[in-house]
Amino acid sequence: MRLFILLFLACPISLFFGQNAGASDLGNDRLRVSGFGTLGVTSAGKENYGYRKELTHAAQFGSFSMFPDSVFGLQLDAEITSKLSATVQVVAERRTKQDFNNIVDWAFLRYQHAPNTVIRAGRMGIDLFMLSEYRNIGYAYLWAHPVVEFYTPVSLSHYDGMDFIYSKSIEQGHLEFKLYGGQTGSDIRVSRGDFGLRMRPLIGANASFETDHWKTRITFAATEVASTRSTQLDRLLNALDQVPQSVWPQAAGLPELISGEGDWAYYYSIGMSYDKNSWLIQSEFALTDSKWPSVALTNGYLSVGRRVGPVTFYSIGAYAISLDKPTRVTPQLSDPTLHQLQVVTQNSMNAIHVDQNTFSLGMRWDLHPQMALKAQWDHTWVRKNGGGLLILREPLDHNITLNIFSLNLNFVF
Amino acid sequence: MRYQIIIIIVLLLIPVTVVADIVVVVHPSNSIKELTRRQVVDLYMGRTSHFPNGQQLKRYDQPNNSSVRAEFYFRMTQRPIAAINAYWARLRFTGRASPPRVVSDHLEILEIVEKNPDAIGYLKKKHLNDRVTVVLEL
């Protein structure tokens, strides 16, 4: 913990000593160290409803905290030959599970096969959204934090595998196609406990087209839930397994819905952005289709920003809603133990159901070529049994609203 | 005297926006003698790391706080320099491209481009010398 704080203090200082260079060259052109960070304070959540912007983070139940937005990263780029380079990025942030595997965000080799084609292998960012490969780098995007409705449901930040990128400049703009495959996973926390999620295989394809001021991209990805490891989940599944079919016939089908193992998830999205002079507009919509209700949802947002000198004011409207209705546990049993199990099962299944909207207002102030200060207010409406992105200490049996205030300083060096 | 008045009138008629006083330069041995604005945008926005003839390149940038840098990027992209800095942070931290090397001033740009066949840089036209080739005037 102390190391974490020291790192934060060290970064802005290094920024001022870094002078003009955007990064430090270690003696020659071939090695480059650069870094990024966000130092922030967030007020979010309520006593029984915990907020987090990433499923991998611990939740915040009211009051102020510096952990939700604060992050620090270092990147090393090495040019091995004119065609081959290596990149390693390590990221410190407050995760529910801290280990070496989670801290190393990227570690890949990049081979420029021809001017138009690049092959990469190793650990890389999953390219699902506009922000997917840089959601940790606050300086690189407009908002104080990524849009919760759109970015939180996908907890996967990187995958281990290979990708192939083909790009071409044509008269009207720049085209890029990307194919990738590998495996992924993350350690997340949901209301029913900690989860080790492993997805294998993961395959995907993107296409993007960028003109002077417009960027459009479409994305497809598919993955199979290889395993969901969780003690609480295992306990629930074991209990359901022991229920006699004659007493509660529905119980036999529930473990499959709850665990998701062996299910595939298909992700489709479209994103557009416009950036010219004073205006900065971005919008994305996605559909995650799966038999596993935990991940099947549709979401989207529209963000409009206006630059006034060094300050950009923006507003965002966003939604996320599960595709499935919460499963109703039937019939109500009179046996107290079984009834208790029914209540736990029902609550667990409701706790993953998402139904929320957010309206946000914010500003970004570029106060230095390598530093930006951001402030944002989010007002979120979460509907009854729709708190799947929150950590619930009690079942959400009524509609609630939440306010999130974020203030953070973002820097790169 | 009459010529001077005509020259002044002509100068006044030229819209400010078309005053081309930033030039993009390469080494004289480079087979590229001309680049379009779009090609320079692709090079300086990290979309390609090669000249249109397939030759690999190294890009050089003026100091972060300099007005020539802000003006250069604005003329190319109509985006303020803060947006360009954020854009490059994206490319850099996703490992997609290395940002242009930042040098200390136009003299260093000239010195590097004069010596390196794979270099590309930009500077104010008034600082130009005859040991580099201009491929685009902005």
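So that the names make sense, note that chain A is the first sequence line, chain B the second, and so on, each numbered from 1. In this text, all values refer to a predicted model and were calculated from it rather than measured experimentally.
Ring centroid separation for the pair A:Y134 and A:F36 does not come in under the 6.0 Å cut-off. Aromatic pair B:F93/A:Y139: ring centres not closer than 6.0 Å.
Proximity to chain B (any heavy atom under 4.5 Å) is shown, for A:S278, by neither the backbone nor the side chain. Proximity to chain A (any heavy atom under 4.5 Å) is shown, for B:R47, by both the backbone and the side chain. Contacts of B:Q78 with chain A are made by both backbone and side-chain atoms, with heavy-atom separations under 4.5 Å. Of the atoms belonging to B:F51, not a single heavy atom falls under 4.5 Å from chain A. For chain B, the nearby part of A:E176 is the side chain; its heavy atoms alone come within less than 4.5 Å. For a residue to count as touching a neighbouring chain, one of its non-hydrogen atoms must lie under 4.5 Å from one of that chain's; by this rule B:D42 touches chain A with the side chain only. Only the side chain of A:D127 has a heavy atom closer than 4.5 Å to any heavy atom of chain B. Only the backbone of A:I170 comes within less than 4.5 Å of a heavy atom of chain B; no side-chain atom from C-beta onward does. Proximity to chain A is limited to the side chain of B:S49, based on heavy atoms less than 4.5 angstrom apart.
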Start with the C-alpha gap between A:T219 and A:R217, add the side-chain angles, then the distance that decides, and say whether side chain to side chain donor-acceptor pair (under 3.5 Å) holds. CA-CA 7 Å; A:T219 299; A:R217 49 172 282 149; 3.0 Å; yes

Please lay out, stage by stage, how B:E114 and B:N129 fare under the test side chain to side chain donor-acceptor pair (under 3.5 Å). CA-CA 10 Å; B:E114 278 170 34; B:N129 68 21; 2.8 Å; yes

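The closest donor-acceptor contact from the side chain of B:Y73 to the backbone of B:R79 lies at 3.5 Å or more, if one exists at all.
Among A:D77, A:T87, A:N277, the residue with the largest count of heavy-atom pairs under 4.5 Å with chain B is A:N277. When B:Q39, B:R37, B:Q55 are compared by the number of non-hydrogen pairs under 4.5 Å with chain A, B:R37 comes out ahead.
Minimum interatomic distance between A:S167 and A:H174 (heavy atoms only, all atoms of both residues): CB-NE2, 3.6 Å. In terms of heavy-atom proximity, B:S66 sits nearest to B:Q62 at OG-CB, 3.6 Å. Looking at every heavy atom in both residues, A:L131 comes nearest to A:W143 through CD2-CZ3, 3.5 Å.
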